[in-house]
Amino acid sequence: MCAPFLVLLLSSSLHAGAMWGEKASPRKEAQKAPCMRCCGPAEQPGSITSSRYIRMTSDSTYATPRVRPTIDITILKGAKGDMGSKGISGPDGKAGEPGLRGLNGRKGQKGQAGPPGHACKQHYVAFSVGRSKPLHSSDYYQHVTFDTEFVNLYKHFNMFTGKFFCYVPGIYFFNLNVHTWNYKETYLHIMQNDREVAILYSQPSERSIMQSQSLMLDLQEGDAVWVRMFKRERENAIYSEESDVYITFNGHLIKPAVE
């Protein structure tokens, strides 16, 4: 009776083991799956002690403070060297704005008196004369004289000859004004000594007009300046009246040669 019971128990256990074997085979297959390397040979996991050291050193809480030594530069500073040679000057900069005007300086001392001037040299020369009579040309050149004296400083203009004589060398200004005659020619020269330096000319016209001539001359002492009427080739004349002065001759010193 025991033998059949053992056979039945053995068969049931075999059947149950077969059923459990079918369900447990996947776990056994998973356990028997081959191991694959996921890191390089040099990246083998270390020991627990080394991993703990790495974790403590990487964390700022457990990091060991770094010691940085401080060096005193003054201990290493050497003696002052010699001054080098002067370098090349750079380009000039832009000019700045002008500054404010400075204060007036102190008044200087009075200078010494200059040498006395020449008693015969006058630094102011001027004349202005007029003619109140008309004048016609003749067969020869003729001087134009004047009968009215407006200004004749120091009498450098000779009313008798009608000439201005230079006593102060320098630059002079001269001016001649005349009134033409109807239908007659007007032809005059301003003379420097015996040389013609300027002409006053007007063509014959039915109307009489005022004509003028001006110039500057560099005169030397003894030079003479005067007015000459051209000789008769045409009907040549200048007009004036006893009651009015139409003809004037003027001159003055602009700058003496020696101041």
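All residue numbers in this chain count up from 1 along the given sequence. Predicted model only: the values in this text are computed from it and were never measured. The figures here come from the full heavy-atom set of this structure, side chains too, leaving out hydrogens, waters and symmetry mates.
Scanning both residues, Ala198 and Leu215, for their nearest heavy atoms gives CB-CD1, 4.1 Å. The two residues Ser212 and Asn175 come nearest to each other via the heavy atoms OG-ND2, 3.2 Å. When every heavy atom of Asn250 is checked against every heavy atom of Val129, the shortest pair comes out as OD1-N, 4.4 Å. Across all non-hydrogen atoms, the minimal contact from Glu206 to Asn182 is O-ND2, 3.2 Å. Smallest separation of non-hydrogen atoms from Ile199 and His189: CG1-CD2, 3.4 Å. Across every non-hydrogen atom of Lys231 and Tyr141, the tightest pair is N-CD2, 3.6 Å.
For Phe249 and Phe127, the ring centers sit closer than 6.0 Å to each other.
Atoms CD1 and CG, on Ile171 and Leu217 in that order, are 8.5 Å from each other to the nearest 0.5 Å. Atoms CH2 and CD1, from Trp181 and Ile209 in turn, are 15.5 Å apart once rounded to the nearest 0.5 Å. Atoms NZ and CD1, from Lys133 and Ile247 in turn, are 11.5 Å apart once rounded to the nearest 0.5 Å. The OG atom of Ser214 sits 7.0 Å away from the CG atom of Asn177 when rounded to the nearest 0.5 Å. Distance CG/Leu188 to OG/Ser137: 10.0 Å, rounded to 0.5 Å.
A heavy-atom distance below 4.5 Å is found between the side chains of Ile190 and Gln213. Two residues are said to be in side-chain contact when any heavy atoms from C-beta on lie closer than 4.5 Å; Phe164 and Tyr172 meet this criterion. In this structure the side chain of Val151 never reaches within 4.5 angstrom of the side chain of His252, judged on heavy atoms. Between Tyr167 and Val125, every side-chain heavy-atom pair lies at or beyond the 4.5 Å cut-off.
Neither Val227 nor Tyr201 shares a network with the other; the hydrophobic side chains, linked directly or stepwise wherever heavy atoms of I, L, V, M, F, W or Y lie under 4.5 Å apart, form separate groups for each. Under the 4.5 Å side-chain heavy-atom criterion for ILVMFWY residues, a single connected hydrophobic cluster contains both Val225 and Val197. The hydrophobic clustering, which links ILVMFWY residues whose side-chain heavy atoms are closer than 4.5 Å, places Trp226 and Met159 apart. Note on Phe157: it does not cluster hydrophobically with Met191, by side-chain heavy-atom contacts below 4.5 Å among ILVMFWY residues.
Checking side-chain atoms of Asp147 against main-chain N and O of Ser132 turns up a donor-acceptor pair under 3.5 Å.
Counting non-hydrogen atoms of other residues, nucleotides and ligands closer than 6.0 Å to CE of Met216 gives a total of 12 or fewer.
Sorted by first and then second residue, the salt bridge (charged side-chain N to carboxylate O under 4.0 Å, His left out) pairs with a member in residues 96-115 form an empty list; sequence neighbours excluded.
For the residue pair Lys163/His143, the side-chain donor-acceptor check at 3.5 Å is not satisfied.
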Thr180 vs Ser205, side-chain contact (heavy atoms from CB on, under 4.5 Å): CA-CA, chis, key distance, verdict: CA-CA 9 Å; Thr180 64; Ser205 174; over 6 Å; no
Leu219/Gln192 under side-chain contact (heavy atoms from CB on, under 4.5 Å): CA gap, chis, key distance, verdict: CA-CA 9 Å; Leu219 301 182; Gln192 181 180 357; 3.5 Å; yes
Using a 3.5 Å cut-off and no angle test, enumerate the donor-acceptor pairs between side-chain atoms of residues 234-246 and protein atoms at least two apart in sequence or in another chain.
from: Arg234; atom 1: NH1; to: Glu185; atom 2: OE2; distance (Å): 3.1
from: Asn236; atom 1: OD1; to: Tyr187; atom 2: N; distance (Å): 3.0
from: Asn236; atom 1: ND2; to: Tyr187; atom 2: O; distance (Å): 3.2
from: Asn236; atom 1: ND2; to: Phe230; atom 2: O; distance (Å): 3.4
from: Tyr239; atom 1: OH; to: Glu241; atom 2: OE2; distance (Å): 2.4
from: Ser240; atom 1: OG; to: Arg131; atom 2: O; distance (Å): 3.0
from: Ser240; atom 1: OG; to: Asp244; atom 2: O; distance (Å): 3.4
from: Ser240; atom 1: OG; to: Tyr246; atom 2: N; distance (Å): 3.4

